[in-house]
There are 2 protein chains.
Amino acid sequence: MRWEELDQQPCSVARALSVVGDRWTLLVLRDCFLGVRRFDAFEKRLGITRHVLTDRLKKLVHEGVLYKAPYQDKPRREEYRLTDKGLDLHPVLMALVSWGDHHMADDRGAPIVRIHKGCGEVMRPVMVCSECGEPVSAREVKVEPGTGWAAQATDVMPIEIG
Amino acid sequence: MRWEELDQQPCSVARALSVVGDRWTLLVLRDCFLGVRRFDAFEKRLGITRHVLTDRLKKLVHEGVLYKAPYQDKPRREEYRLTDKGLDLHPVLMALVSWGDHHMADDRGAPIVRIHKGCGEVMRPVMVCSECGEPVSAREVKVEPGTGWAAQATDVMPIEIG
DNA sequence: TCCATAGGTTCTTTTTTGGAACCTTGATAC
DNA sequence: GTATCAAGGTTCCAAAAAAGAACCTATGGA
């Protein structure tokens with residue numbers, strides 16, 4: 001499979017990664033969630049080349065994850081903001097943050113802490129089951145083909161992890 | 001910032017992405033969570049080139065996300081399995097699945113469904129606050145520097161998203 | 001002897017990045 | 001009026017990474 005065919009796979013992970021799965025995209029989105037909106041701010045913070053930044057922002061707008069909103073005329077300037085589709089990526093960033101805090105932090109601890117406005121406490125994100133509310137780990141989830149499953153000769157049925 | 005310097009950033013997202021943030025790594029891990037363990041199985045399922053697959057598996061072993069376990073002698077063969085550090089990436093994959101199911105599915109619905117063994121129901125993963133147990137969305141989280149924060153001239157303080 | 005299998009390595013070509021310079025529109029300084 | 005600056009790009013070239021195919025090694029079987 002070529003990278004460009006990813007979005008046609010019968011797999012939500014593959015389809016999601018076809019949008020956010022390349023080198024800089026999730027870092028651009030991290031900055032979006034931190035409130036960064038302008039081209040030169042992304043450039044300065046990320047140290048990304050302008051060429052690549054242009055490309056990633058265009059792609060994210062095209063996919064409906066960001067939208068361009070004018071913030072002045074004469075000369076016209078536009079900034080990039082998260083759409084609802086983009087805001088829905090928050091759990092992905094939170095999951096990465098959580099893993100990074102746990103497994104990649106140095107001895108000084110987490111560089112950034114998150115406070116849940118609802119309860120006012122410093123929080124960790126926890127993944128729970130939508131049905132029973134219990135935290136879910138890898139071994140507690142079984143996968144099965146769903147309605148969108150279209151088996152192809154090259155597909156391998158998912159099996160359970162041991 | 002060059003891509004290779006990502007792991008030195010004072011940001012858990014950047015550090016996490018320095019391990020799993022390139023083109024094929026998260027797809028390799030998806031297959032690990034589905035029970036795939038052998039080189040040729042990854043190759044057939046992903047359609048990735050052998051060169052890139054070798055490189056990604058080596059990197060994941062080096063980072064402690066996978067480990068090699070022998071499954072036969074004469075000739076010696078080894079398979080790749082998730083370590084605890086690797087299993088902890090499950091929420092990242094779940095978050096991507098959830099977003100993909102919601103925003104990238106075609107009209108046939110999700111290709112794969114997940115069943116929570118604990119309650120037996122078809123589940124969606126939900127991100128909740130570790131302190132109060134309520135679901136958290138992007139707008140309900142405030143970020144602040146933590147103990148590992150080491151401000152540098154080029155750093156920009158996180159601001160709240162609007 | 002010939003073929004197959006698992007797990008790679010090597011080679012060449014095509015795409016992506018990195019890095020720097022240049023362009024455009026208007027605002028402001030001299 | 002000329003010079004400079006800012007934001008948000010585009011263009012060009014070199015370096016790095018990925019795609020695609022062929023080759024290598026150890027063993028086992030027909």
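Remember, it's a predicted structure, so these values are computed and weren't measured experimentally. We use all heavy atoms of the structure for the numbers below, so side chains are in, but hydrogens, waters and symmetry mates are not. Within every chain, numbering begins at 1; the chains are lettered A, B, ... in the order of the sequence lines, protein sequences first and strands thereafter.
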Quickly work out the [X] [atom1] to [N] [atom2] distance and round it to whole Å.
{"X": "B:R37", "N": "C:dA6", "atom1": "CZ", "atom2": "P", "answer": "16 Å"}
{"X": "A:L53", "N": "C:dG18", "atom1": "CG", "atom2": "P", "answer": "11 Å"}
{"X": "A:E4", "N": "D:dA18", "atom1": "CD", "atom2": "C1'", "answer": "10 Å"}
{"X": "A:R76", "N": "C:dG26", "atom1": "CZ", "atom2": "C1'", "answer": "14 Å"}
{"X": "B:I48", "N": "C:dG7", "atom1": "CD1", "atom2": "C1'", "answer": "14 Å"}
{"X": "B:H51", "N": "D:dA19", "atom1": "NE2", "atom2": "P", "answer": "11 Å"}
{"X": "A:L27", "N": "C:dG18", "atom1": "CG", "atom2": "P", "answer": "11 Å"}
{"X": "B:D55", "N": "C:dG7", "atom1": "CG", "atom2": "C1'", "answer": "15 Å"}

Inset, instruction - Using a strict cut-off of less than 4.0 Å between a Lys/Arg side-chain nitrogen and an Asp/Glu carboxylate oxygen, indicate whether A:K59 and A:D22 qualify as a salt bridge. - result: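 Salt bridge between A:K59 and A:D22, a charged N being under 4.0 Å from a carboxylate O: yes.
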Legend entry - Lys/Arg N to Asp/Glu carboxylate O, B:R38 vs B:D40, below 4.0 Å: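 So B:R38 does not pair with B:D40 through a salt bridge.
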Inset, instruction - Could you tell me whether B:Y71 contacts a base, only the sugar-phosphate backbone, or nothing, with contacts defined as non-hydrogen atoms closer than 4.0 Å? - result: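 It contacts sugar-phosphate atoms only.
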Inset, instruction - Indicate, with a heavy-atom threshold strictly under 4.0 Å, whether B:E43 touches base, sugar-phosphate, or nothing. - result: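 It contacts nothing in the nucleic acid.
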Can you tell me if [X] touches the phosphate of [N], counting only side-chain N or O atoms and a distance under 4.0 Å to OP1 or OP2?
{"X": "A:W24", "N": "C:dG18", "result": "yes"}
{"X": "A:R56", "N": "C:dT17", "result": "yes"}
{"X": "B:K58", "N": "C:dG7", "result": "no"}
{"X": "A:R2", "N": "D:dG20", "result": "yes"}
{"X": "A:K44", "N": "D:dA6", "result": "no"}
{"X": "B:Y80", "N": "C:dG8", "result": "yes"}

Inset, instruction - Kindly indicate whether the side chain of A:R50 and the base of C:dG19 share any N or O donor-acceptor pair separated by less than 3.5 Å? - result: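 In this structure, the two groups form no donor-acceptor pair.
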